S.K.: 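The structure under discussion is supplied below as structure tokens; questions concerning it will follow.
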Amino acid sequence: TLLPPPPPRADDPEIPEILGAFELSKTCETPGVLPTRMMVLEDVLDLCDTHAQCTVAAACLSLAETFPPGTITRLDLGRHLLMACPALRAVQDADTTTGLDVLRNCFRLLMGAEVWSNVGGWYATHKSEVGAGTKERMDMASKIAPESLGMMHEARDEVRGAIALLLLDRDTVLILPTTPGPAPELHMDSAATEAWRRKTLQLTCISSMCGTPQVTIPMVYPGGDGPYGLSFIAGCGQDQMCLDAARAWGGAVAEAFPAIVAAEMSRPRDAGEGNDRAGAGTGVGAGANPRTSGSEYGPEPGEECKKKGNAAFKAGHFVEAAKLYTFALDRVGGTGVGANAWCATVLSNRAMTHLKLGAFAEAEDDCTAAVKLDARNVKAFLRRGAARSVSGNYLEAVMDYESALRLEPRNKDAKSEILRMKNILGDSQPIPDFDQ
């Protein structure tokens, strides 16, 4: 007699698909469609411990052949939502300093009001039967003023619209650790437990507030204190794509995770370096932000290396061009306005190589440095606007394009990009006319 097969393991990547198949309606997308772009949520990584950050690094590195340069980008989601959602800014208070924390608080209050409306009557007669933690949260829910919920609902609607715009092309997923780290141990004090809960809710409230599908790939490593998880968040109606991605990539990502953790924990750290972002980082722009001592290029002065960098760029050798621009900056001579303008030009040129390589954060950094040195560098504003728009920071991009237009009122690129950004944001205000 054949024995029945053993039950599937909880970390089997097919489990989410098996369970999800029971919930999907017939209106979901056609099975087999996989994401072609990923957005790494940088502000989420900042909330996580090193091992949790390694879940994202494992995905970026193990899927490097699947996602060519430029298809994995980075985004500060909280900052983007605060800029794009006026109602979310309106509910920010002194206790919520980041965009994700404002989102968490908004979700917490909406959830508390909903819970109280459903079970508040029962709780009033069974208060003595619940634990201290539940009592604390129910008492908080009972004090939520109904008149404050209108702005919360408006903020939620704006956030949903902003996320829908980010995922408008329907082949993009947000990628993030599922939790900031392992659950707190039982003996930990209440302050530490509450801090962990607060961080966790900043991660888990994103899908809940937006009504978007999220799938988690569980991960472990030998001797670890996990478990850990990597999550994909897709646009509304993209449930099947999330499940297909977990099944197609879950095994490879989970297999890569232990080695990424081991490499990160063995990485030498500078004195005073704490739990910084994983050395493998997000995998975005790996190899696209080179640094060189200059020894391989001989004794040429900075201007000569700048010219060689321009030639390499025109030939399509972008990594080589970035190295040459870096060496040119290392060899800059002199000070004053002229030297600042020259450095700003080289930084702006290097930013363009980063844009070509899909290293958008590095491009933004170079442009920011350039405009600090030369506030009239139009190309630096245009290129920073491009980097920010690709990362979803549309309002900041508009500001950059308007700065460029202020310097060159007839710049067609600036005008067309401002119009494109305003269309994305639903802004009907006319393009500023600086040609007066």
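It should be emphasised that the depicted structure is a prediction, and the values quoted were computed from it without experimental measurement.
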S.K.: Quick check for you: to the nearest 0.5 Å, what is the distance between N411 atom CG and Y401 atom OH?
M.R.: 10.5 Å

S.K.: Please lay out, stage by stage, how L41 and I206 fare under the test side chain to side chain contact (heavy atoms under 4.5 Å, CB included).
M.R.: CA-CA 11 Å; L41 303 185; I206 299 171; 4.1 Å; yes

S.K.: Does the pair L324 and E320 meet the rule for a side chain to side chain contact (heavy atoms under 4.5 Å, CB included), with working shown?
M.R.: CA-CA 6 Å; L324 284 160; E320 182 69 9; 4.1 Å; yes

S.K.: Counting only heavy atoms not in M138, do more than 12 fall under 6.0 Å of its CE?
M.R.: yes

S.K.: Main chain of G131, side chain of T134: is a donor-acceptor contact present, judged purely on distance under 3.5 Å?
M.R.: no

S.K.: Parallel, tilted or perpendicular: which fits the ring planes of F257 and Y228, with parallel below 30° and perpendicular above 60°?
M.R.: tilted

S.K.: Strictly below 4.0 Å, N to O, side chains only: are D400 and R383 in salt-bridge contact?
M.R.: no

S.K.: Which of these, V215, T216, I175, L176, sits in a side-chain contact (heavy atoms from CB on, under 4.5 Å) with L230?
M.R.: I175

S.K.: Among all residues two or more places apart in sequence or in another chain, which pass the salt bridge (charged side-chain N to carboxylate O under 4.0 Å, His left out) test with R420?
M.R.: E417

S.K.: For the backbone of Q92 and the side chain of T96, can you confirm whether one donor and one acceptor N or O come within less than 3.5 Å of each other?
M.R.: no

S.K.: For E136, I'd like to know if atom CD has over 12 heavy atoms of other residues, nucleotides or ligands within 6.0 Å.
M.R.: no

S.K.: Hey, does Y221 have a side-chain heavy atom less than 4.5 Å from the side chain of H51?
M.R.: yes

S.K.: Report yes if some heavy atom in the side chain of I217 is under 4.5 Å from a heavy atom in the side chain of F232; otherwise report no.
M.R.: yes

S.K.: Is there a side chain to side chain contact (heavy atoms under 4.5 Å, CB included) between V173 and Q238? Walk through the geometry before answering.
M.R.: CA-CA 10 Å; V173 290; Q238 298 295 90; over 6 Å; no

S.K.: Ignoring hydrogens and angles, state whether a donor on the side chain of D365 or T368 is under 3.5 Å from an acceptor on the partner side chain.
M.R.: no

S.K.: So does R160 pair up with D157, basic N to acidic O under 4.0 Å?
M.R.: no

S.K.: Between E408 and K379, does at least one N-O distance fall below 4.0 Å, as a salt bridge requires?
M.R.: no

S.K.: Say whether, by atom type as modelled, one donor and one acceptor occur between the side chain of E154 and the main chain of A87 under 3.5 angstrom.
M.R.: no

S.K.: Does N393 use its side chain to pair, donor to acceptor, with the backbone of E396 at less than 3.5 Å?
M.R.: no

S.K.: Is the backbone of T212 close enough, under 3.5 Å, to the side chain of S207 for a donor and an acceptor to pair up by distance?
M.R.: yes

S.K.: Closer than 3.5 angstrom, by distance alone: can the side chain of Q240 be matched with the main-chain N or O of D244 as a donor-acceptor pair?
M.R.: no

S.K.: Decide side chain to side chain contact (heavy atoms under 4.5 Å, CB included) for R197 and L201; before the verdict, give the C-alpha distance in whole Å, the side-chain angles of both, and the deciding distance to 0.1 Å.
M.R.: CA-CA 6 Å; R197 181 180 287 120; L201 195 55; 5.6 Å; no

S.K.: In terms of side-chain heavy atoms, does N310 have a donor or acceptor partner in Y325 at a distance below 3.5 Å?
M.R.: yes

S.K.: For the residue pair R37 / T73, report whether a side-chain donor-acceptor contact shorter than 3.5 Å exists.
M.R.: no

S.K.: Under a plain distance cut-off of 3.5 Å, with no hydrogens placed, do T179 and T200 share a side-chain donor-acceptor pair?
M.R.: no

S.K.: Quick one: does any side-chain atom of N105 pair with a main-chain N or O of D101 as donor and acceptor, under 3.5 Å?
M.R.: no

S.K.: Please report whether the ring centroid of F318 lies less than 6.0 Å from that of F313.
M.R.: yes

S.K.: Answer whether the closest heavy-atom distance between the side chains of T71 and T36 falls below 4.5 Å.
M.R.: no

S.K.: Can I get a per-line list of side-chain donor-acceptor pairs under 3.5 Å for residues 75-84, giving both atom names and the distance, sequence neighbours left out?
M.R.:
unit_1: D76; atom_1: OD1; unit_2: R79; atom_2: N; d: 3.0
unit_1: H80; atom_1: ND1; unit_2: G392; atom_2: O; d: 2.3
unit_1: H80; atom_1: NE2; unit_2: G392; atom_2: O; d: 3.3

S.K.: So, the side chain of W196 versus the backbone of P182: is there a donor-acceptor pair under 3.5 Å, distance only?
M.R.: yes

